[in-house]
Amino acid sequence: MLPGRIFKSIGISTLVVVFAMAWTNYLKSEKSALPVDGFVIRVQGMVEAKPKSWSVLARCIGLRDSSGVWTPTPSSIRLYLAKQLPKPQAGNVYAVRQAVKSFPLPLFPFEKDWGAYFTQKGIGGSAYVPLDRIQLIEKRLEEASFFERTQSHFVHLLERAFEPGRDRDVAEAMLLGVKTKIDFETLSAYSALGAIHILSVSGLHVGLLYMGLSLLLGFLLKRRPAGPYVFFGLMMALLWCYAGISGFSLPVLRSAWMFSVILFAKTFLHRQQSLNTLAFSAFVLLFLHPASLFDAGFQLSYLAVWGLIAFQQRWASIFKFSGWLSWPMTQIWELTCVALAAQVFTWPLIVYYFHQLPHPLSFFLLNPFLILGSSIALFLGFLLLAIGSFLPDWAFHPLAFLLKTSFQLLHGLMFSWVERVTSVMPFLRISPLEMSIYFVTIALLVWAPRRWKVGACLSLLFWQNPESKPQAYLSTFRGEAVWVENDGARSIASLPASTDPAWIQAHLSPMWANVGVKDTLTRRWPLKGNLQWKYRSETYAYVRIPTESRAQHHLILGKEVEYRDKEWLKSWRQATWYFLQKPSAYWLGELKPYLPKDYYFLDERPAVVL
């Protein structure tokens, strides 16, 4: 039989999950009507600087309907305000004249549904607001908060230490949570090497800060009776101040709370179980924010820590090194065990959500050095932020030089590796059933009696690529056609010249992974002229310049098409039409006599399956 504690753990975990799901459904906010004309908003939380706009979370105070009547509404919306506007401050009130749209539906199968994701967070829609459609009507009277002033001060310290460029942008993201300046190439490199968590303030950063502060203040634990209380108070104040400086994002809140529980247990409890401490912190977070149960960051954070608790010390004790190389080899092996233990429970979810994994060669050979390099960079960064303001130039510049060098070495290693070695395995797939079997198997292998372990090993399955029939999809990107043909393990995508890698990764990669594609070919449309091709014995015409029909079955109307002379459209009445951009109400009225039986507006719907 399985040990009784396993049954108890499964039962308690199931109750927590069911409770979180029920609590989430109870707290689910009702979706309010989105503004279609005028509305008043109050800015909430941190303001992010995008390349061409200010990203703000806005609480809608009231909106005006089509009849001009103002009504109060409790909805929240994500707005992107023109960059020419002075930086908004939390608490500012603005009058806006702009329609707010719901988040777009997924274009292709298996793509993340951002509408459902933001609805869970109570955010109903988004809009870009030009400068001429927004007016400040109430400015926040109070000055910037302590956390905002401190973050700004620390940003200036990093600007003093670094020249403008990638190293400074990454330092601001790693140390302060300011990640809006990082370019796509840098994000892709970190993601490919499985180190994307380094860029956002999360468990690694808070954990390193926790360990550093524990070393500095640990002597207080021996100064009884008041010492432990002083230690606990100082540690809590510093941890939560750092959480505030880095923006109180969900990852840092999770990490700060987790280490707060660990801190309490370490300070006041004579005996503690790491898994119990971890479970308690998860329970409280789920009680306060039950929707976190469905958040990938929450799942990955707690599974990674669980893996570290369960496996890291076991594996680290397997090898004992001796000789003059014993210390460096021991450190490398322990760092390798940290990387492996954190992946035991997280890799299935990484595949499920992101459809890729670091290449084993990159993971085993490079990850220990990435962990070591990023830890050194974080330590030096925290040291600079802590004492940099008090140092004279002759002491500040050597410390800044060490910090810059650590980032240069880290990025030099990363980018030279990415350029020379295949660093990622793309288009991977795992189903929820396969994940469940994997987790049950690991649980049996680790915690079950020996006679159960053989059966657990036999239960391991080999993942098979799903069989898929040939399929084609027609969609749009910025008013131009997107044509994708999937045939078994091969896919051909015809895309506009302006399509960027981030769009491909967000929209096409999930589909390719889930239908078993391994080989992709991307082609770019010519900038001008009409195009024609055949698929399944039917002819498709991508028309940018008016032309008569030659018995084609499908007409794709480019954004450049002029409708003033409409006679040429008569010859296309037997075809199916696809508008890449929906014409205005006026031109739709003009085109009505020419419209065929079947026509689609591709900018208002998911991709058409052909």
Side-chain angles (χ1 to χ4, degrees), residues 51-52 103-114 183-185 187-189 191-192 354-356 422 424-429 468-536 538-545 547 552-561 575-582 599-610:
K52 298 182 180 179
F103 292 98
L105 295 171
L107 292 179
F108 295 92
F110 306 104
E111 185 182 330
K112 185 175 179 66
D113 188 348
W114 289 104
D183 58 83
F184 180 77
E185 180 187 7
L187 283 173
S188 299
S191 178
F354 307 110
H355 308 292
Q356 65 178 29
T422 301
V424 67
M425 296 186 297
F427 309 141
L428 301 180
R429 173 190 178 274
S468 60
K469 61 180 181 179
Q471 199 76 69
Y473 298 88
L474 176 63
S475 188
T476 179
F477 173 77
R478 295 178 182 174
E480 296 187 71
V482 171
W483 174 267
V484 182
E485 289 184 34
N486 296 332
D487 189 358
R490 190 165 184 265
S491 179
I492 300 175
S494 300
L495 308 170
S498 59
T499 310
D500 56 86
W503 189 91
I504 296 174
Q505 183 176 334
H507 296 276
L508 297 182
S509 292
M511 176 183 66
W512 285 337
N514 281 278
V515 300
V517 167
K518 299 298 180 185
D519 181 24
T520 62
L521 173 66
T522 56
R523 301 183 298 200
R524 304 292 176 169
W525 299 118
L527 295 177
K528 297 181 180 180
N530 298 335
L531 300 160
Q532 182 173 301
W533 64 93
K534 280 193 173 183
Y535 178 72
R536 290 184 180 176
E538 295 197 345
T539 310
Y540 293 78
Y542 181 8
V543 173
R544 292 155 162 172
I545 303 171
T547 184
Q552 292 99 330
H553 301 90
H554 301 268
L555 170 64
I556 304 169
L557 290 157
K559 64 179 180 180
E560 306 94 338
V561 173
T576 301
W577 292 13
Y578 307 91
F579 291 89
L580 296 179
Q581 282 189 339
K582 184 178 181 179
Y599 59 93
Y600 303 92
F601 304 119
L602 295 182
D603 57 343
E604 294 186 346
R605 55 159 295 148
V608 175
V609 182
L610 300 164

Do you know which two heavy atoms are closest between [X] and [Y], and how far apart they sit?
X	Y	value
V608	Y600	CG2-CG, 4.4 Å
P496	A481	CD-O, 3.3 Å
R544	E560	CG-OE1, 3.3 Å

Indicate yes or no: at least one non-hydrogen side-chain atom of [X] is less than 4.5 angstrom from one of [Y].
X	Y	answer
R605	L105	no
F108	S475	yes
Y578	L474	yes
Q581	L557	no
K528	I545	no
L580	I556	yes
Y473	E485	no
D113	P106	yes

*Please name all residues satisfying ring pair (Phe, Tyr, Trp, His ring centres under 6.0 Å) with H507, sequence neighbours left out, ordered by chain then number.*
W503

Are the aromatic ring centres of [X] and [Y] under 6.0 angstrom apart?
X	Y	answer
Y535	W483	yes
Y540	H553	no
Y542	W533	no

*Evaluate the ring planes of F601 and F579, with Trp represented by its six-membered ring, and classify them as parallel (under 30°), tilted (30 to 60°) or perpendicular (over 60°).*
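Aromatic pair F601/F579 classed tilted.
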
*Salt bridge present between R524 and E480 (N-O < 4.0 angstrom)*: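 Judged by the 4.0 Å cut-off on N to carboxylate O distance, R524 and E480 do not form a salt bridge.
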
*Stepwise side chain to side chain contact (heavy atoms under 4.5 Å, CB included) test for Q532 and T539*: CA-CA 7 Å; Q532 182 173 301; T539 310; 3.6 Å; yes

*Tell me, with the steps shown, if L555 and T576 meet side chain to side chain contact (heavy atoms under 4.5 Å, CB included).*
CA-CA 6 Å; L555 170 64; T576 301; over 6 Å; no

_Side-chain donor/acceptor of E111 to backbone N/O of L107, under 3.5 Å_ =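 Yes, the answer is positive, given that a donor and an acceptor are paired below the 3.5 Å cut-off.
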
*Apply the test side chain to side chain contact (heavy atoms under 4.5 Å, CB included) to residues V484 and M511: give CA-CA distance (whole Å), side-chain angles for both, the deciding distance (0.1 Å), then the verdict.*
CA-CA 11 Å; V484 182; M511 176 183 66; 3.9 Å; yes

*Inspect the surroundings of CZ in R523 and state if more than 12 heavy atoms from other residues, nucleotides or ligands are less than 6.0 Å away.*
no

*Is the count of non-hydrogen atoms from other residues, nucleotides or ligands lying under 6.0 Å from L527 atom CG greater than 12?*
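Open.
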
*Approximate separation, where rounding is to 0.5 Å, of S494 OG and L531 CG*: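 Going from the OG atom of S494 to the CG atom of L531 covers 9.0 Å.
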
*Which of these, D603, D500, I504, L602, sits in a side chain to side chain contact (heavy atoms under 4.5 Å, CB included) with F477?*
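When side chain to side chain contact (heavy atoms under 4.5 Å, CB included) is applied between F477 and each of D603, D500, I504, L602, only D500 qualifies.
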
_Assess, by modelled atom type and distance only, whether the side chains of N530 and T547 contain a donor and an acceptor separated by less than 3.5 Å._
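No donor-acceptor contact under 3.5 Å links the two side chains.
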
